[in-house]
Every structure is written in structure tokens, then in C-alpha cells.
> 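Okay, here's the structure, questions in a sec.
Just so we're on the same page: letters track the sequence lines, and every chain starts at 1.
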Amino acid sequence: MQHLLNPPQREAIHYLDGPLLVLAGAGSGKTRVITQKIAYLINQAGYKGTQIAAITFTNKAAREMQERVTPLLEGKSGKGLTVTTFHSLGLQILRQEAALLGYKPQFSILDASDSFKILSDILATTDKQLLRKTQWQISSWKNAFVSPDQAKALADEEMAHAAARVYQLYQQTLRAYQAVDFDDLIKVPVELFDQHSEMLEKWQRKLHYLLIDEYQDTNACQYKLIKQLTGLRGQFTAVGDDDQAIYGWRGADVENLRQLTTDFSKLKVIKLEQNYRSTVRILRAANQVIANNPKLFEKKLWSELGTGELLHVTATQSEEHEAETVVMKLQAHKFEHRTTYKDYAILYRSNHQARIIEKFLRNHKIPYTISGGSSFFDKAEIKDIISYLRLVANEDDDPAFIRAATTPKKGIGNTTLERLGEYASAHKMSLFAAAFEGGFQHDIGAKQLEDLLTFCRYIQTLQGRAVKDPANEVLNDLLTAIQYETYLYDGEEARAAETRWGNVIEFVSWLSKKGEGSTEYGNESEGKNLLELTQMVSLITMLEGREDSEPDAVKLSTLHASKGLEYGHVFLIGCEEGILPHTNSIDADQIEEERRLMYVGITRAQKSLNITWCKKRKRAGEMQACEPSRFIAELPKDDVKHFGNPFNGPDQVLSKDYGKSKMANIKAMLASKPT
DNA sequence: ATTCCGGCTCCAAGG
DNA sequence: GAGCCGGAAT
């Protein structure tokens with residue numbers, strides 16, 4: 001994609017007279033504009049690296065940006081450049097000003113499942129739906145910058161009032177744990193800046209220029225942070241595309257794009273409409289689908305990359321048949337076009353759709369990598385280890401205490417924990433502190449107390465070592481001390497245990513490397529001890545940078561996680577009413593965002609696009625008939641070729657070894673004629 | 001009575 | 001994939 005910069009790109013890079021909004025269509029070279037602009041600021045416009053912050057939403061985007069900008073920088077002036085995610089920036093601010101906010105520097109960062117458990121305790125229920133709803137409600141309040149008191153005042157019905165009360169208790173609990181959740185990482189700094197203008201001025205003096213990626217995904221809180229940081233100077237570049245706004249569900253508001261034009265009267269708007277990624281047919285499809293959405297800014301992508309292949313839309317009998325079709329088509333296409341596996345991506349609306357595809361890929365020995373979905377850091381074995389680290393860093397972190405104290409089993413059971421919990425809450429102290437209280441100690445048996453104290457004292461020795469010994473040494477000793485490997489092999493069959501232990505090893509070596517601080521840019525992780533690494537770990541969801549040379553593997557990804565990426569050949573599966581658009585979105589009248597998801601999916605493809613849907617799908621235990629997605633009907637007829645009988649083709653009988661037949665199916669596939 | 005196991009069901013999206 | 005359930009095994 002190396003071309004000369006086109007005029008709007010050049011203009012976007014050189015424009016420094018005030019706030020700038022770059023409306024960058026899919027594949028229009030947006031990352032290039034941001035990285036080149038950073039280089040321009042530093043190499044030509046006299047900015048220092050330390051004065052510039054580029055903000056992204058994902059760690060991956062931040063890493064890619066850092067990697068692409070580093071070679072462009074000349075000399076030392078680029079040193080100290082901040083390329084970071086919103087959450088990581090929030091953490092940085094929070095950590096520096098922790099004392100002022102009444103937090104210890106090593107406060108914990110809770111993940112969604114920790115929050116879920118806390119809410120479950122507060123509400124004294126296991127009703128998942130209610131808990132999810134409450135969690136969502138609280139998160140929405142936070143993203144909209146609404147405090148518990150304000151939530152109570154605003155609550156017009158009893159339900160909302162109850163939720164606001166839970167919100168308050170939840171915040172009190174987090175306080176007691178010396179913990180924040182993901183939403184707080186943005187919200188608390190904004191509050192801090194609201195209340196302490198001198199702190200805000202300090203940060204404004206530090207950061208002279210902001211660049212914000214994926215601006216359409218900002219929520220009210222994030223926008224407020226940007227406004228605070230840019231202040232009166234108003235020197236920033238926001239890059240976004242209203243057609244790719246797909247994070248409304250976590251509080252992002254496309255309106256923020258329009259808001260910019262009203263909040264900054266001098267806002268300059270530049271559109272990037274030339275696409276350097278896809279064929280004309282793919283772009284025409286994308287344009288025509290998205291044309292069904294109301295427009296915030298008029299924009300039409302065009303390409304000079306030739307007409308290209310027809311899009312394929314295939315109706316399949318079932319999920320199994322769909323998976324098989326995709327695998328067969330992929331194999332045939334790869335063979336025919338002499339491509340490699342990494343030229344292909346299979347995209348879907350929800351994570352669970354990947355499972356069946358994985359199964360078929362495995363059966364056919366096709367290598368694949370999967371992104372999005374349940375992440376490395378969500379694995380039980382990783383969370384186990386992290387719970388020790390969290391507890392060592394912050395002994396007030398009760399959720400970490402409970403997990404570490406009970407995993408692996410070490411004689412600390414429910415009764416002990418309950419007594420400890422009672423005492424701790426009665427005396428308003430942490431579980432850890434309560435364990436050392438005489439008042440509590442004669443409440444339980446001698447053996448139990450002995451085991452509990454052994455555990456707590458061990459944590460204390462780790463606290464001492466964590467600040468002075470190398471991270472990998474401490475970690476390895478920890479694993480030995482708690483006999484984690486034995487625990488894994490006792491609990492599971494050898495193969496599963498082996499995988500889990502492998503994950504642990506990988507985690508430890510990854511973390512150790514971070515601790516050495518040998519990263520080439522000398523950024524965040526330099527020379528950090530184990531405690532400082534712990535907070536950073538909480539913000540990371542994927543293990544990155546393991547392989548420098550990407551393996552030759554098919555990419556599996558959710559549509560959300562695919563944003564910003566491109567692939568030669570894309571399979572977009574499960575294009576049915578109820579899947580894409582998702583049922584919940586149909587019910588909530590949020591078709592436009594689903595359409596943008598479809599748009600994102602289409603525009604990932606460079607050369608070919610395969611869309612599939614199932615005529616029948618197993619749902620709630622039984623096979624149900626499905627309708628093709630309304631978005632399929634929105635594709636331009638002349639650019640699409642249909643396969644499979646979309647109406648009432650004969651139901652295929654699925655034999656037991658359905659996924660295992662190989663050549664026969666390839667042949668059948670190749671022979672199949674378009675209807 | 002307690003634990004163990006296999007099958008069944010559950011799925012919106014991410015930092 | 002993981003949590004949950006019912007039935008089997010201890």
C-alpha cells in the first residue's frame with residue numbers, strides 16, 4: 001500500500017492551525033496519516049516526543065502505531081512519545097495522582113468477572129440476567145459520567161433507583177478494595193481534572209498535541225478527557241469514520257463526531273475517500289449497504305484497484321454445512337489462486353460461531369489463529385497467578401485474596417473464609433488484615449488458623465521480594481511454593497494440564513521479559529518491578545508480540561475485532577436475521593449499528609468476499625429455520641453470484657462423520673454450479 | 001452424603 | 001470452552 005500521499009492525506013498531515021477532524025473511510029490510509037503526522041510534528045514542526053500523545057482504543061492498534069512511527073523519527077527528539085490506549089493513559093494519570101484521590105499507588109484493576117462477583121454479593125443473587133443488566137447499567141452510568149448520587153436523583157422508577165443504590169454500594173466496595181474497574185480508569189481522571197484545575201494544567205502543559213484514533217468510538221467520558229487535555233489550545237487531530245462506529249453498546253456515541261463541529265467552531269474537516277484496499281466490486285457493495293443508513297457526513301469511497309471478482313453469497317443447510325462449505329471453498333480457492341493461508345480471514349458476529357469453524361479447520365489440518373473472544377488473560381490458570389500478584393501488590397484486594405487463598409487448595413475452606421469475612425466487614429478491614437487480628441483468630445480451629453497464617457505470611461515475604469528481586473525469579477519461586485504444576489496435573493487429564501501449564505510458563509516468561517525493560521522504544525515497561533507490572537497486566541487482554549514472523553494461518557475474528565485490519569480474501573459467515581443483525585439489536589431497534597458491522601466486514605476484504613448463511617440453525621436446543629440477513633438483499637445485484645438454493649433445497653442428512661470426508665467434498669464443491 | 005463425571009446448554013461485541 | 005445439572009460412583 002505504498003503510494004505517494006494523496007492531496008487530502010498530505011493536507012491532514014500538515015494542518016496545524018487548530019483542531020482537525022479527519023473523516024477516514026475504510027482502507028483510506030488512516031494509520032499512515034497518523035504516523036506521518038507524528039513524524040511531521042517531531043521532525044519538522046519542532047514538537048518534542050514528550051509533548052505528543054496518540055490515543056487508540058486497543059493495545060494492538062497502539063503497538064502497531066508505535067512500530068510504524070518509530071522508523072520515521074529522526075534523532076532523539078522523538079523520545080518519550082506517548083502512544084497508548086485510553087485506558088492505559090487513564091491508568092498513567094491515576095497512578096501519578098493516586099495519593100490525591102485517596103488510592104495507594106498499587107491499587108488493583110478489576111476485570112468484568114470481578115465486578116460481576118461483587119455485584120452478585122451485593123444483590124445476593126445468582127440471577128445472571130439481572131447481574132448482567134445491573135453491570136451494564138452501572139457501566140453506562142460511568143461512561144455517561146453519572147455519579148451514584150446523580151443516578152439516584154435521576155432514577156424515575158423503582159428499578160432504576162434500586163440499581164443506583166447498588167451502584168453506590170459497588171463503588172464503596174471498590175474503594176474498600178483499593179480497586180478501580182475499567183470504566184473508572186477514564187472516569188476518575190476526568191473527575192480529578194474537574195476538581196483540581198492545577199492537576200489539569202499540569203497535564204495540559206505536558207501534552208501539546210493529541211491524536212485520537214477511531215474517534216467515532218469515544219464515549220462521553222473519553223470525549224470529556226480529550227476536551228480537558230486539549231484545553232484552550234485545541235491542538236488535536238481526531239481520525240474517525242462514522243460508518244465504522246460499532247461500539248455504541250459500550251457507550252460510544254457517534255454524536256461525538258458532530259459534537260466536535262459545535263464544540264470547536266474552528267474545526268477543520270478533511271475527508272479521505274480514496275480506498276487503497278479493495279476492488280471496485282467490494283467497495284460498491286460496501287457503499288450500497290451503508291447507503292441505507294442516514295448520513296452524518298457525506299462520503300463515497302472509490303478505488304483504482306480494478307473491478308475484481310464477483311462476491312459470492314452461499315446459502316447452506318446448517319452450521320455444520322456452513323463450516324464445511326467455508327473450509328472447502330477456502331481450500332479450493334487457495335489451490336486455484338496459489339495463495340497462502342494467511343491471505344484468508346473468517347469473520348463472524350459472535351464468538352461462539354468460531355467454535356464449529358475451528359472444529360472443521362482442525363479436522364482438515366488447516367492452521368488458524370483466533371483473535372477476539374475469550375482471551376489468554378481470561379484463562380483460569382492465568383487468573384490464578386495474577387490473583388497472587390494482585391494480592392501482593394495490594395493486600396486490600398479481597399477478590400484476589402479469596403482466589404489466591406483457595407487456589408490451589410491449602411486448607412483454607414469456606415468456613416474459615418466466612419468467619420474471616422464476617423470479622424473483616426464488622427471491623428471495616430481487608431480479609432488480609434483481619435487474619436492477623438486476635439479478635440478473629442480464636443474464632444476458628446487451630447489447624448485452620450495455622451494454614452491461614454502460613455498463607456498470609458507467605459504473601460508478606462513475597463511483598464518484600466517483589467520490589468527488589470527480578471520478576472522471573474519471584475514468579476518461579478511462587479509457582480514452586482504453591483506447587484501449581486502439581487495442582488494442574490492433579491485436577492485434570494494430562495493433556496489439558498499440559499496446555500494450562502504451558503500457558504503459565506508462557507505468561508511467566510512474557511512477564512519476565514516485560515520486567516527486564518528491554519523494549520526497543522524504552523516505553524512503559526522499562527525496568528519495572530513485579531508490582532508495577534501487575535497493573536499493566538490487568539489492562540492487557542491478548543498476548544502480543546510472540547511471533548515476529550506471522551505464521552501461515554487462517555485468521556478467525558469477530559467483526560468487532562477485525563476493524564482496522566485487512567485480508568486478501570474474506571469469508572463473512574452467519575449472515576442471517578438474528579445473527580447479523582443480532583436479535584437483541586433488532587429488538588432494540590439498533591439496525592444501523594449492525595449495518596455498520598456488515599460494512600466493516602465487507603471492507604476488510606481486498607480481493608474476494610464470500611458471504612454465507614444457514615437455512616437452519618440449532619437454537620435453544622432445536623433446529624430452527626433462518627432467514628438470510630436483510631443486508632444480503634442490500635448488496636448490488638450485478639456484483640453478486642449466488643450459490644446453494646436459498647429457498648427450499650433438500651435437507652441434507654448429516655452423518656456422524658460429517659466433518660471428516662475430504663476429497664469427496666472438495667470435488668462436490670468444485671463441481672457445484674451457481675443456481 | 002459427598003464427589004465425580006459426562007453430557008447439555010449457554011452464547012453480543014472489548015479494554 | 002465453561003458452568004451446570006443429574007445420575008453414578010465412592
> Would you indicate which nucleotide in B:dG15, B:dA12, B:dC10 comes nearest to any side-chain atom of A:Arg355?
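Between B:dG15, B:dA12, B:dC10, the one nearest the side chain of A:Arg355 would be B:dC10.
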
> Are the ring of A:His582 and the base ring of B:dA12 both nearer than 5.5 Å at their centres and tilted by less than 30°?
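Yes, aromatic ring over the base.
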
> Given C:dG1, B:dG15, B:dG14, identify the nucleotide with an atom nearest to the side chain of A:Glu358.
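Nucleotide nearest to A:Glu358's side chain: C:dG1.
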
> Starting from the 5' end of DNA chain B, give me the residue, A:Gln590 or A:Phe182, whose nearest nucleotide shows up first.
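Nearest-nucleotide comparison on DNA chain B picks A:Gln590.
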
> Is the closest basic N to carboxylate O distance between A:Glu191 and A:Lys187 below 4.0 Å?
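Judged by the 4.0 Å cut-off on N to carboxylate O distance, A:Glu191 and A:Lys187 do form a salt bridge.
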
> Mind checking if A:Glu594 touches a base, just sugar-phosphate, or nothing, with heavy atoms under 4.0 Å?
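Since a base atom lies under 4.0 Å of A:Glu594, the category is base.
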
> Counting any heavy atom closer than 4.0 Å, what does A:Phe57 reach on the DNA or RNA strands: base, sugar-phosphate only, or nothing?
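Sugar-phosphate contact only - A:Phe57 comes under 4.0 Å of backbone atoms but never of a base.
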
> Verify the contact: side-chain N or O of A:Thr58 to OP1 or OP2 of B:dG14, cut-off strictly under 4.0 Å; return yes or no.
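For A:Thr58, the contact criterion (side-chain N or O under 4.0 Å from OP1 or OP2 of B:dG14) is not met.
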
> Under 4.0 Å, counting only non-hydrogen atoms across every strand here, what does A:Asp183 touch: a base, just sugar-phosphate, or nothing?
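It contacts base atoms.
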
> Salt bridge check: are A:Lys563 and A:Asp217 linked by an N-O gap of less than 4.0 Å?
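Counted as a salt bridge, because a side-chain N and a carboxylate O are separated by less than 4.0 Å.
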
> A:Ser585 has a side chain; which of B:dA12, B:dG15, B:dA13 sits nearest to it?
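For A:Ser585, the side-chain atoms sit closest to B:dA12.
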
> Below 3.5 Å, does any donor atom in the side chain of A:Trp249 face an acceptor in the base of B:dA13, or the other way round?
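Check passes, donor-acceptor contact within cut-off.
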
> Under 6.0 Å between ring centres: does that hold for A:Tyr344 and A:Tyr567?
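A:Tyr344 vs A:Tyr567: aromatic centres not under 6.0 Å.
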
> Under 4.0 Å between a side-chain nitrogen and a carboxylate oxygen: does that hold for A:Arg500 and A:Asp384?
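Between A:Asp384 and A:Arg500 there is no salt bridge, as every charged N stays at least 4.0 Å from the carboxylate O atoms.
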
